[in-house]
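We name chains A, B, ... by the order of the sequence lines, and we start the count at 1 in each one.
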Amino acid sequence: MSDFSRRLLGWQAECGRHDLPWQVSDPYRVWLSEIMLQQTQVTTVIPYYERFLQRFPTVADLAAATQDDVLAHWSGLGYYSRARNLHAAAQMVMGHFGGTFPRTPAEIAELPGVGRSTAAAIAAFSFNTRSAILDGNVKRVLARWAGIEGFPGEKAIENRLWALAESLLPPNAADMPAYTQAQMDLGATVCTPRKPACLTCPLADDCRAKAEGCQLELPTPKPKKAIPERHTTMLLIRDAQGRLLLEKRPPTGIWGGLWCLPESTSTLQATARCQQLGLAVELDPALPDFVHVFTHFRLTITPQPATVSGATHAVHDDALRWFSTADALAAGIPTPLRKLLTAQT
DNA sequence: AATTCGGGGAG
DNA sequence: CTCCCAGAATT
C-alpha cells in the first residue's frame, strides 16, 4: 500500500493553496466555483465568481433570476451552456430537491452541467464524501505518476485513470476536502504541463514518468487536427438615437441565449438582411476585419455599420431589441461584441 | 468515439 | 505561435 494520499496531504498543508474564495463548505458556492472552473483557469474565474455571488448570493436567488440576468453575469467567461445549465439546476434544487442541495455524488450528478468529476468534487468539498475526481490536473498527475500511456480521452485509458483515482483515496473521509484540493494544487503549481517542478514534488520518489524521464510525454496529448476558417459580417445597426440593434441567439449552439449583432453572409447581403429585419438603412464604410479564435474554428468578422433611414414595421420583440451602448455592455453579450463596443467608445 | 461548446493564461 | 485549463452534453 502506497502512502500516496498521506504525502499529498502533507504537501497540501505546507504548499497548497488555502485562500481561494470558494474554499468553503457551502455547497452552493462550491458548486458555482466548480462550474466556472470547468476548462477555465483560477485567475480568470475569480472576478466572475465574486460578481456572480454578489448578485446571486444563494441558490434561491439564482433560481428566481431571469436567464438574461444570469447570462449577463457570465458574459465573457465562455461556454455559456454552463450558465444555462447552472440556472436550470438552481431551479431543480429549489423544486425537485425541495430547496436542499443534494448530498450524494449520484444525486448531485443529476443536476444539468454536473458530470462525474464535478459531482465528486462538490461532494468531497461540501460533505467530506470519499469520491474521486478526474479533471485535467488529476489526469496529468496520475498518468505521470503511474506511467500510463495513451490519450486520456480514450475510454480504456480514462477507465484506468478513474480506477486508479478511486484506489488512491485517503481512508479518512475528513481528509477529502484537503486531499481533493491537493491534487488540483499539485497539478496546477508543480506537476504542470510544460515545466514540471519535480524537485519539489511529494510524489517524485516513486513517479514512473520521472524515473523514465518522460514527464513531458505524459499524458499523451490529444491528436490535433486543423480547425476550419469561417467568416461572418456583423451589422452595427444604429437608430436615430444612436441605439444598437441586438438579436438574441437561439438557446443552443454558439453563444446560445446571448445578445449578438445581426449577421449577414457578406457586406453585399447587409442591406437585404436589414430589410428582413424590417429596416431601411444606409450603409457606412465597413470597419477593419478582426479574427476571433474558438477551440474548433477561426472566425473572421467584418463589422458593417449602418444607420436606419426608415422602418417597414415595428422592430422589437423578445429576440430583437434596441440597446444603448451602456445597456449592451451590461447585457449578456459575447466577447467580440464587447471588444467592438469598447474599441468604438 | 467524435464533435460541440469560449476565452484566456502561460510558455 | 502552441498547449491546455477544477468537463459535460450531444451526436
For this session: May I ask you to evaluate whether A/Lys224 reaches the phosphate of B/dA2, defined as a side-chain N or O under 4.0 Å from OP1 or OP2?
Result: no

Exercise. Does a side-chain N-to-carboxylate-O contact under 4.0 Å join A/Arg55 and A/Asp69?
Worked result: yes

Exercise. Whole-Å distance between B/dG6 P and A/Trp74 CH2?
Worked result: 12 Å

For this session: Look at A/Lys222 and C/dC3 and indicate whether a side-chain polar atom (N or O) is within less than 4.0 Å of OP1 or OP2.
Result: no

Exercise. CH2 of A/Trp162 versus C1' of C/dG7: gap in Å, rounded?
Worked result: 10 Å

Exercise. Is A/Leu86 reachable from A/Leu258 through a run of hydrophobic residues whose side-chain heavy atoms are each under 4.5 Å from the next?
Worked result: yes

Seminar exercise, completed: Rounded to whole Å, the CZ-P distance (A/Phe294 to B/dG8) equals 11 Å

Problem set entry | A/Glu263 bridged to A/Arg230 by N-O distance under 4.0 Å | no

For this session: Assign A/Gly187 to base, sugar-phosphate, or nothing according to its heavy-atom contacts below 4.0 angstrom with the strands shown.
Result: nothing

Exercise. Can you check whether A/Tyr79 has a side-chain N or O nearer than 4.0 Å to OP1 or OP2 of C/dA9?
Worked result: no

Problem set entry | Whole-Å gap separating P (C/dG7) and CG (A/Leu77) | 13 Å

Exercise. Which one, C/dA6, C/dG7, B/dG9, comes nearest to the side chain of A/Met184?
Worked result: C/dA6

Exercise. For A/Ile254 and C/dT10, what is the distance between atoms CD1 and P respectively, to the nearest whole Å?
Worked result: 16 Å

Exercise. Looking across every strand, which nucleic acid part, if any, lies under 4.0 Å from A/Ile122 by heavy atom: base, sugar-phosphate, or nothing?
Worked result: nothing

Exercise. Would you call A/Arg243 and A/Asp327 a salt bridge, using N to O less than 4.0 angstrom?
Worked result: no

Exercise. Is the distance from OP1 or OP2 of B/dG7 to the nearest side-chain N or O of A/Thr335 less than 4.0 Å?
Worked result: yes

For this session: Can you figure out which of B/dG9, C/dA8, B/dG6 approaches the side chain of A/Gln41 most closely?
Result: B/dG9

Problem set entry | Close aromatic pair by centroid cut-off 6.0 Å: A/His292 and A/Phe294 | yes

Problem set entry | Full working for side-chain hydrogen bond (donor to acceptor under 3.5 Å, both in side chains) between A/Asp206 and A/Trp145 | CA-CA 7 Å; A/Asp206 52 351; A/Trp145 181 72; 3.0 Å; yes

Problem set entry | Listed nucleotide nearest any side-chain atom of A/Thr40, set B/dG6, B/dG7, C/dA9 | B/dG6

Exercise. Does a side-chain N or O from A/Trp255 land closer than 4.0 Å to OP1 or OP2 of B/dG7, or not?
Worked result: yes

For this session: Among C/dA8, B/dG9, B/dG7, find the nucleotide with the atom closest to the side chain of A/Thr295.
Result: B/dG7

Exercise. With rounding to whole Å, what would you report as the distance between B/dG6 and C/dC3 at their P atoms?
Worked result: 22 Å

Exercise. Between C/dG7 and A/Gln39, is there an OP1 or OP2 to side-chain N/O distance shorter than 4.0 Å?
Worked result: yes

For this session: For C/dA6 and B/dG11, measure between their P atoms and round to the nearest Å.
Result: 14 Å

Exercise. Taking atom P of C/dG7 as reference, at what distance in whole Å does atom CG of A/Leu161 sit?
Worked result: 14 Å

Exercise. Between A/Lys155 and B/dA2, is there a side-chain N or O to OP1/OP2 distance below 4.0 Å?
Worked result: no

Problem set entry | Per A/Pro193 side chain, nearest of listed nucleotides C/dA6, C/dC5, C/dG7 | C/dC5

Exercise. How would you label the contact of A/Val114 with the nucleic acid (heavy atoms, under 4.0 Å): base, sugar-phosphate, or nothing?
Worked result: sugar-phosphate

For this session: For this output row, return yes or no: ring centroids of A/Phe52 and A/Phe56 closer than 6.0 angstrom.
Result: yes

Exercise. Which residue, A/Arg17 or A/Arg194, contacts DNA chain C at a nucleotide closer to its 5' end, judged by nearest heavy atom?
Worked result: A/Arg194

Problem set entry | Distance in angstrom units between A/Ile333 CD1 and B/dG6 P, rounded | 14 Å

Problem set entry | C/dC4 and B/dC5, which share atom name P, separated by this distance in whole Å | 22 Å

Exercise. For A/Leu216 and C/dC4, what is the distance between atoms CG and P respectively, to the nearest whole Å?
Worked result: 11 Å

Exercise. Mapping A/Lys195 and A/Thr252 onto DNA chain B by nearest heavy atom, which one lands closer to the 5' end?
Worked result: A/Thr252

Exercise. Does atom CZ of A/Arg208 have more than 12 heavy-atom neighbours from other groups under 6.0 Å away?
Worked result: no

Exercise. Does a nitrogen or oxygen in the side chain of A/Arg140 sit under 4.0 Å from OP1 or OP2 of C/dC4?
Worked result: no

For this session: Check whether any side-chain nitrogen or oxygen of A/His292 sits under 4.0 Å from OP1 or OP2 of B/dG7, and answer yes or no.
Result: yes

Exercise. With a 4.0 Å cut-off on heavy atoms, is A/Gln181 in touch with a base, just the backbone sugar-phosphate, or nothing at all?
Worked result: base

For this session: Could you please name the option among B/dC5, C/dA6, B/dG8 that lies closest to any side-chain atom of A/Thr44?
Result: B/dG8

For this session: Report the residue (A/Gly153 or A/Phe297) whose heavy-atom-nearest nucleotide on DNA chain B is the more 5′ of the two.
Result: A/Gly153

For this session: Check whether any side-chain nitrogen or oxygen of A/Thr43 sits under 4.0 Å from OP1 or OP2 of B/dG8, and answer yes or no.
Result: no

Exercise. Counting any heavy atom closer than 4.0 Å, what does A/Lys139 reach on the DNA or RNA strands: base, sugar-phosphate only, or nothing?
Worked result: nothing

